[in-house]
Asks: 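Attaching a single structure in structure tokens format; questions to follow.
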Amino acid sequence: MTITHVQFLTLPVADHARARDFYVGKLGFDALVDRRTPEGGRFVMVAPKGAQTGIVLTDQPVTGIEPGPRHFQLQTTDLDADVAALRAAGVEVADPEDRPWGRATSLRDLDGHTLGLLEPSDFGAVPR
């Protein structure tokens, strides 16, 4: 096998511009791609700075992907600073909790997707 990484995950959204503004403006993600498709739609991909895996924000039906909220986990090196920055940007974030695998919190994006945010302990760290 020569697979190297996950290229992107697809996340259904109601409005590309609104979702892009949330992920780029509030979460500080990079906008990797934002262009029109030949069919007249948009292909929008965002990702945390330096990440290999992007998130495609789609407002079009995708075969095999049911509409509705999703959950995914983001990793951070400073949970308290991120929570403070998110709250300063007007994002509602749950209070962090100590878990066996690290400190964690969660928030929801504008489409109801739950984003976990984890500052892992040595036990919870995923080796690279």
Side-chain angles (χ1 to χ4, degrees):
M1 298 294 295
T2 59
I3 298 169
T4 60
H5 63 277
V6 175
Q7 181 184 10
F8 65 80
L9 304 171
T10 302
L11 197 61
V13 299
D15 180 286
H16 281 122
R18 194 179 91 158
R20 182 185 184 280
D21 288 348
F22 178 82
Y23 282 90
V24 173
K26 303 282 187 183
L27 297 184
F29 283 22
D30 287 332
L32 303 178
V33 181
D34 186 350
R35 60 176 68 124
R36 293 244 173 249
T37 65
E39 301 79 23
R42 292 198 77 73
F43 184 86
V44 177
M45 186 184 330
V46 298
K49 295 187 184 309
Q52 286 188 311
T53 302
I55 299 169
V56 172
L57 308 171
T58 182
D59 64 357
Q60 301 296 312
V62 177
T63 303
I65 297 178
E66 295 294 322
R70 305 288 193 267
H71 172 268
F72 60 94
Q73 184 84 10
L74 302 169
Q75 186 169 312
T76 180
T77 58
D78 191 339
L79 183 66
D80 293 322
D82 288 343
V83 167
L86 288 164
R87 287 178 174 164
V91 177
E92 188 174 321
V93 184
D95 290 333
E97 295 181 12
D98 291 323
R99 312 299 285 169
W101 48 86
R103 296 189 67 236
T105 189
S106 64
L107 58 122
R108 291 191 187 276
D109 73 5
L110 302 173
D111 292 283
H113 304 295
T114 303
L115 289 66
L117 190 55
L118 173 69
E119 181 180 341
S121 63
D122 288 339
F123 172 78
V126 177
R128 289 195 164 266

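Count residues from 1 along the sequence.
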Asks: Do L74 and F29 come close enough that some side-chain heavy atom pair is under 4.5 Å?
Replies: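 When only atoms from C-beta onward are counted, F29 and L74 do touch, with a gap below 4.5 Å.
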Asks: Give, for atom OH of Y23 and atom CD1 of I55, the distance between the pair rounded to the nearest 0.5 Å.
Replies: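 Output value for this atom pair is 5.5 Å.
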Asks: Would you name the heavy atoms of P69 and G112 that are closest together and state the gap between them?
Replies: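 Minimum heavy-atom contact is CB-O, 3.5 Å.
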Asks: Any side-chain to backbone donor/acceptor pair from T105 onto A94? Under 3.5 Å, distance only.
Replies: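 Side chain of T105 to backbone of A94: a pair is present.
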Asks: If we only count heavy atoms from C-beta on, is the D109 to L11 side-chain gap below 4.5 Å?
Replies: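 Result yes, sub-4.5 Å side-chain heavy-atom pair found.
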Asks: Look at the side chain of D30 and the backbone N and O of L32, then say whether any donor-acceptor pair between them is shorter than 3.5 Å.
Replies: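 Not confirmed, D30 side chain does not pair with L32 backbone.
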Asks: Give, for atom CG of D111 and atom CG of D15, the distance between the pair rounded to the nearest 0.5 Å.
Replies: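 The distance works out to 8.5 Å.
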Asks: Check for a donor-acceptor pair, side chain of S106 on one end and backbone N or O of L115 on the other, with a separation under 3.5 Å.
Replies: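 No, the answer is negative, given that no donor and acceptor are paired below the 3.5 Å cut-off.
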Asks: Heavy-atom distance under 4.5 Å between the side chains of R42 and R36, does that happen here?
Replies: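 Yes. Closest side-chain heavy atoms under 4.5 Å.
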Asks: Rounded to the nearest 0.5 Å, how far apart are CG of L9 and CZ of R70?
Replies: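 So the CG of L9 and the CZ of R70 are separated by 10.5 Å.
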Asks: With a sphere of 6.0 Å drawn around CD of Q73, does it hold more than 12 non-hydrogen atoms of other residues, nucleotides or ligands?
Replies: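 Yes, CD of Q73 has more than 12 neighbouring heavy atoms, counting only those of other groups under 6.0 Å.
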Asks: For a 4.5 angstrom cut-off between non-hydrogen side-chain atoms, does L86 reach L27?
Replies: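 Of all side-chain heavy-atom pairs linking L27 with L86, at least one is under 4.5 Å.
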Asks: If hydrophobic clusters are built from ILVMFWY residues whose side chains come within less than 4.5 Å, do L110 and V56 share one?
Replies: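 Cluster IDs for L110 and V56 differ.
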Asks: Please determine whether residues F72 and L79 belong to a single hydrophobic cluster, defined as Ile, Leu, Val, Met, Phe, Trp and Tyr linked transitively by side-chain heavy-atom distances below 4.5 Å.
Replies: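 Yes, same cluster.
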Asks: Could you state whether V46 and L107 fall into the same hydrophobic cluster, counting links through intermediate Ile, Leu, Val, Met, Phe, Trp or Tyr residues with side-chain heavy atoms under 4.5 angstrom apart?
Replies: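 Same hydrophobic cluster.
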Asks: Which atom names give the shortest non-hydrogen contact between H16 and V44, and what distance separates them?
Replies: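 Taking H16 first and V44 second, the nearest heavy atoms are CD2-CG2, 3.7 Å.
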Asks: Ignoring hydrogens, what is the shortest heavy-atom contact between P96 and V83? Give both atom names and the distance.
Replies: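 Scanning both residues, the minimum pair turns out to be CG-CG2, 4.0 Å.
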Asks: What are the two closest heavy atoms between D95 and R87, and how far apart are they?
Replies: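 Taking D95 first and R87 second, the nearest heavy atoms are OD1-NH2, 2.8 Å.
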Asks: In Å, rounded to the nearest 0.5 Å, how long is the span from NZ of K26 to CG of D21?
Replies: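 Answer for the NZ-CG pair, K26 versus D21, is 9.5 Å.
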Asks: Let's go through F22 and L57 carefully: what are the C-alpha distance in whole Å and the side-chain angles of both, what is the deciding distance for side chain to side chain contact (heavy atoms under 4.5 Å, CB included) to 0.1 Å, and is it a yes or a no?
Replies: CA-CA 11 Å; F22 178 82; L57 308 171; over 6 Å; no
Asks: Side chains of R103 and D80, heavy atoms from C-beta outward: is any pair under 4.5 Å?
Replies: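 Sidechains of D80 and R103: in contact.
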Asks: Would you call the rings of F8 and F43 parallel, tilted or perpendicular, taking 30° and 60° as the class edges?
Replies: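 Plane angle over 60°, so perpendicular.
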Asks: For residues P12 and H113, report the shortest heavy-atom separation together with the two atoms involved.
Replies: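 Closest approach of P12 to H113: O-NE2, 2.6 Å.
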Asks: Where do R99 and A104 come nearest, in terms of heavy atoms and distance?
Replies: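 Nearest pair, atom of R99 first, then A104: CG-CB, 4.2 Å.
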